[in-house]
There are 4 protein chains.
Amino acid sequence: MRVPSQKSSVATEARAPQRERGRARVAALLAAATAVFAEKGYDAATMTEIAARARASIGSLYQFFPTKELLAEALHAANAEALAALLEAMASRLAGKPAEALADILFSEFSSFLAEHPAFVALGDRRGIDPKSKKATRQVLRGQIVKLLTATKPPVPRQRAQALAIVVLHLLRVAVAIEGEADLEGRGTVLDEIRLMLKRHLSGR
Amino acid sequence: MRVPSQKSSVATEARAPQRERGRARVAALLAAATAVFAEKGYDAATMTEIAARARASIGSLYQFFPTKELLAEALHAANAEALAALLEAMASRLAGKPAEALADILFSEFSSFLAEHPAFVALGDRRGIDPKSKKATRQVLRGQIVKLLTATKPPVPRQRAQALAIVVLHLLRVAVAIEGEADLEGRGTVLDEIRLMLKRHLSGR
Amino acid sequence: MRVPSQKSSVATEARAPQRERGRARVAALLAAATAVFAEKGYDAATMTEIAARARASIGSLYQFFPTKELLAEALHAANAEALAALLEAMASRLAGKPAEALADILFSEFSSFLAEHPAFVALGDRRGIDPKSKKATRQVLRGQIVKLLTATKPPVPRQRAQALAIVVLHLLRVAVAIEGEADLEGRGTVLDEIRLMLKRHLSGR
Amino acid sequence: MRVPSQKSSVATEARAPQRERGRARVAALLAAATAVFAEKGYDAATMTEIAARARASIGSLYQFFPTKELLAEALHAANAEALAALLEAMASRLAGKPAEALADILFSEFSSFLAEHPAFVALGDRRGIDPKSKKATRQVLRGQIVKLLTATKPPVPRQRAQALAIVVLHLLRVAVAIEGEADLEGRGTVLDEIRLMLKRHLSGR
DNA sequence: TATGAATGAGAGTTCATTCAT
DNA sequence: CATGAATGAACTCTCATTCAT
């Protein structure tokens with residue numbers, strides 16, 4: 001594996017654009033990065049192609065994102081934030097509903113979230129990701145699922161909600177994986193099966 | 001002088017060793033490949049490192065595995081075969097037991113299988129894998145799970161078993177992922193939760 | 001980490017430089033390539049040596065010529081263009097002269113052309129050359145010779161000029177080969193012989 | 001270019017086989033080498049493929065031909081000898097005929113010779129060929145053509161025959177090249193043209 | 001002697017990153 | 001800031017040749 005030589009001035013953050021023009025550039029770069037990371041995965045994505053898709057020069061890309069890793073981080077963070085906001089918004093809608101109602105909504109929301117942020121999974125799974133930030137991101141998501149679970153009626157006990165949250169998140173990913181599986185007949189049936197399983201489980205008995 | 005070789009027959013398979021020495025080499029190479037692929041993933045693994053870990057020259061590695069991709073395929077196929085054999089062996093032990101009994105056994109067997117074949121998941125998930133062979137491998141596994149399910153007492157109807165098999169396999173992967181998750185407190189609780197969920201679901205009600 | 005790039009658009013052309021610096025580089029690279037291809041032939045020439053002779057890094061070479069084959073193509077095309085221009089320029093000088101006058105001029109011009117473009121023959125003969133472009137290049141050259149022949153006085157009939165053009169081109173190559181033959185005594189006599197043969201043949205009787 | 005490390009015991013000749021079995025092997029190896037050199041050229045031909053085509057092991061190939069170069073030399077020498085024998089045989093048939101009769105016979109004999117020894121040209125043109133032996137081979141061929149020319153009626157003066165021989169040999173190659181040229185319409189016409197040109201030239205006036 | 005395994009220098013190529021204009 | 005050129009370590013793969021059985 002190619003280990004980039006340590007720079008003397010280590011960059012740890014994407015530079016923030018100072019002007020209007022810059023903001024548009026950054027948006028275009030992130031959009032291009034989303035597309036390329038989603039299509040090819042982190043490793044096979046190249047900075048050159050990302051720049052090209054954003055109709056920017058390679059130099060320009062590096063102006064805002066000093067390393068490939070930082071670009072991935074910035075993009076992933078933005079995605080995570082969007083997801084957090086989504087869950088936040090769901091909280092009020094779901095409060096007081098029975099736990100099993102969560103399943104349907106979460107499945108459909110998650111699915112459309114990933115359709116709009118197709119690089120999220122690839123970036124979350126990439127190797128070499130800083131374990132600290134990975135954990136942090138997860139904590140946030142789990143915390144939000146826990147909040148949803150403990151706000152149902154009847155509420156899931158906090159203790160159990162912690163474990164359930166993890167299960168729920170994994171199941172969401174499974175569901176998305178199945179949705180995306182090429183030529184799988186009976187996809188619908190399988191998804192129903194999973195949703196049903198989760199609902200039953202959430203309903204307690 | 002390397003002249004691009006317009007070969008009439010592009011190699012599509014690992015070359016089989018014909019001597020004892022060769023067999024030993026291939027075994028060592030596969031072991032090394034397992035370790036490296038597991039540690040770094042397909043992309044970041046390098047042929048050079050694999051050869052070095054097997055104390056073989058790079059030329060020796062290529063003698064038996066003409067491309068990195070073919071090495072991965074061969075290794076993955078061997079793993080899949082081992083898994084198939086494992087499931088085959090389980091069939092007799094499990095026949096006639098209630099469906100929910102499957103959960104415990106599958107979880108533990110799968111977990112130890114992956115401990116011994118740590119590259120299996122990484123190789124199964126790599127990009128650029130031939131979709132045909134990917135599907136074929138899956139079909140085999142699913143077929144075997146279906147067999148297990150339809151041999152329980154009472155038997156799961158074939159139709160439903162098809163869908164369930166997919167769910168079961170995904171849950172196994174989830175369980176393994178959780179097992180391997182660094183610094184996750186309450187890992188045990190979460191795993192119990194999943195096992196419970198699956199058991200309930202398999203028990204029909 | 002080199003990940004095979006499944007590029008949607010495989011490069012089929014040399015990249016054009018956009019800055020003065022780049023133009024100079026490309027010129028140096030082509031000069032170096034000319035020397036190395038001429039000395040060693042296509043197969044034995046190495047990209048590393050070409051880059052080194054141009055005092056460029058290997059990366060720089062690949063920036064403009066994405067493959068060795070493309071480098072050869074670009075160089076050969078440039079040479080062919082130069083030759084075409086040369087023949088074009090001869091057209092006016094020769095129009096109205098008798099056919100046999102062509103021989104002397106063509107021989108000497110061709111000889112000095114190859115002295116200045118010493119890789120032309122090696123590149124034209126290399127294996128794996130795209131048959132389409134090979135044919136195209138030939139057509140152009142033949143067409144120009146035909147033009148010269150049909151513009152003589154008396155003019156060679158078009159039909160016969162087509163066949164003669166091919167003969168003329170081959171004889172030019174033979175002449176050059178003989179010129180370049182190491183330690184051949186009586187080179188001059190042999191060349192005279194060929195020139196004479198061609199002149200007689202062109203003069204019709 | 002890959003320069004093979006100097007061996008301590010420099011091999012300078014193909015080893016002669018000692019038994020019947022060995023002679024068959026050598027014949028098979030030479031046949032395979034002929035095919036591969038002809039198809040791919042010297043550089044792109046590989047020892048491995050040659051051995052495989054002869055259904056011999058690579059070790060066996062090296063037993064008889066200690067280097068690729070020596071294999072090429074041996075094959076080329078055998079071809080040259082066959083050609084010399086052919087010309088020898090022609091001498092009696094042609095003695096006393098007019099010079100222009102040579103053209104037709106030489107063209108057709110040469111063409112069928114190359115059909116049976118398709119690697120001859122490729123091996124004769126390869127780079128790195130020992131200039132001494134190259135010159136020697138040529139001398140022999142030229143000498144034989146000279147003999148044919150000086151035995152015609154009326155005989156070509158020795159002096160001129162020397163120069164003519166070279167021209168004749170080159171024209172033979174040109175003819176063969178044209179015969180082999182893919183999709184050239186009017187091939188026949190062109191060949192007639194060349195033959196005619198040579199005949200006229202040989203006829204003196 | 002025949003066979004197949006072993007070796008490793010060297011080739012083409014890639015791409016993250018830096019630099020000069 | 002933008003741009004495109006420059007860099008070179010690292011990577012996959014090849015193949016003539018040698019070795020061990």
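Below, chains carry the letters A, B, ... as their sequence lines are ordered, and counting in each starts from 1.
- For dA6(F), the OP1/OP2 oxygens have no side-chain nitrogen or oxygen of Arg15(C) closer than 4.0 Å.
- Note on Arg23(C): every side-chain N or O is 4.0 Å or more away from OP1 and OP2 of dG4(F).
- A straight line from CZ of Phe65(B) to P of dT14(F) spans 15 Å, rounded to a whole angstrom.
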(message) As a quick check of understanding, evaluate side-chain contact (heavy atoms from CB on, under 4.5 Å) for Leu71(B) and Leu30(B), giving each step before the final call.
(response) CA-CA 8 Å; Leu71(B) 170 58; Leu30(B) 286 174; 4.1 Å; yes
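- Mapping Phe64(C) and Gly59(A) onto DNA chain F by nearest heavy atom places Gly59(A) at the nucleotide closer to the 5' end.
- One interatomic measurement links the two molecules: CE of Met47(B) to C1' of dA10(F), which rounds to 15 Å at whole-angstrom precision.
- At the heavy-atom level, Gln63(C) lies under 4.0 Å from base atoms of the strands shown.
- Residue Thr46(A) is in sugar-phosphate contact alone, with no base atom involved, counting any heavy-atom pair closer than 4.0 Å across all strands shown.
- Map Lys68(B) and Lys68(D) each onto its nearest nucleotide of DNA chain F; the residue landing nearer the 5' end is Lys68(B).
- With dA6(F), dT17(E), dA6(E) as the choices, the nucleotide that has an atom nearest any side-chain atom of Arg25(C) turns out to be dA6(F).
- If you find the closest nucleotide of DNA chain E to Leu61(D) and to Asp43(C), the one lying nearer the 5' end belongs to Leu61(D).
- In this structure, NZ of Lys40(D) is placed 13 Å from C1' of dC15(F), rounded to the nearest angstrom.
- Nucleic acid contact for Thr48(B): base, since at least one base atom lies under 4.0 Å from a heavy atom of the residue.
- Remark on DNA chain E: of its neighbouring residues Ala56(D) and Pro66(C), the 5'-side contact belongs to Ala56(D), judged by nearest-heavy-atom nucleotide.
- When the C1' atom of dC13(F) is taken as reference, atom CG of Leu70(B) falls 13 Å away, rounded to whole Å.
- Look at OH on Tyr42(C): it is 8 Å from P on dG12(E), rounded to the nearest Å.
- Among the atoms of the strands shown, only primed sugar atoms or phosphate atoms (P, OP1, OP2) are found under 4.0 Å from some heavy atom of Ala45(A).
- If you check dC15(E) for Watson-Crick or wobble pairing at under 3.5 angstrom, you find it paired to dG8(F).
- Residue contacts for Arg19(B): at a heavy-atom cut-off of 4.0 Å it reaches a base atom on one of the strands shown.
- Here the straight-line distance linking atom CZ of Arg55(C) with atom OG of Ser60(C) works out to 14.0 Å at 0.5 Å rounding.
- No engagement by Ala44(D) is indicated, since no non-hydrogen atom pair under 4.0 Å with the nucleic acid exists.
- OP1 or OP2 of dT7(F) lies within a sub-4.0 Å distance of a side-chain N or O belonging to Ser60(C).
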(message) Determine whether Arg127(B) and Asp43(A) satisfy the following criterion, side-chain contact (heavy atoms from CB on, under 4.5 Å), listing intermediate values before the conclusion.
(response) CA-CA 10 Å; Arg127(B) 277 157 191 274; Asp43(A) 284 337; over 6 Å; no
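- Residue-environment remark: CD (Glu13(C)) stays at or below the threshold of 12 foreign heavy atoms within 6.0 Å.
- Across all strands shown, dA20(E) pairs with dT3(F); the Watson-Crick or G-U wobble distances both stay below 3.5 Å.
- The CE-P distance, from Met1(C) to dC15(E), rounds to 11 Å in whole Å.
- By the 6.0 Å and 45° rule, Lys68(B) does not stack over the aromatic ring of Phe37(B).
- Ile58(C) places its CD1 atom 13 Å from the C1' atom of dA10(F), with the value rounded to the nearest Å.
- Ranking dA5(F), dA6(F), dT14(F) by closeness to the Tyr62(B) side chain, first place goes to dT14(F).
- Counting only distance, with no hydrogens or angles, the side chain of Arg53(C) and the backbone of Ile50(C) share no donor-acceptor pair below 3.5 Å.
- Distance Glu20(B) CD to dA6(E) C1': 16 Å, rounded to the nearest Å.
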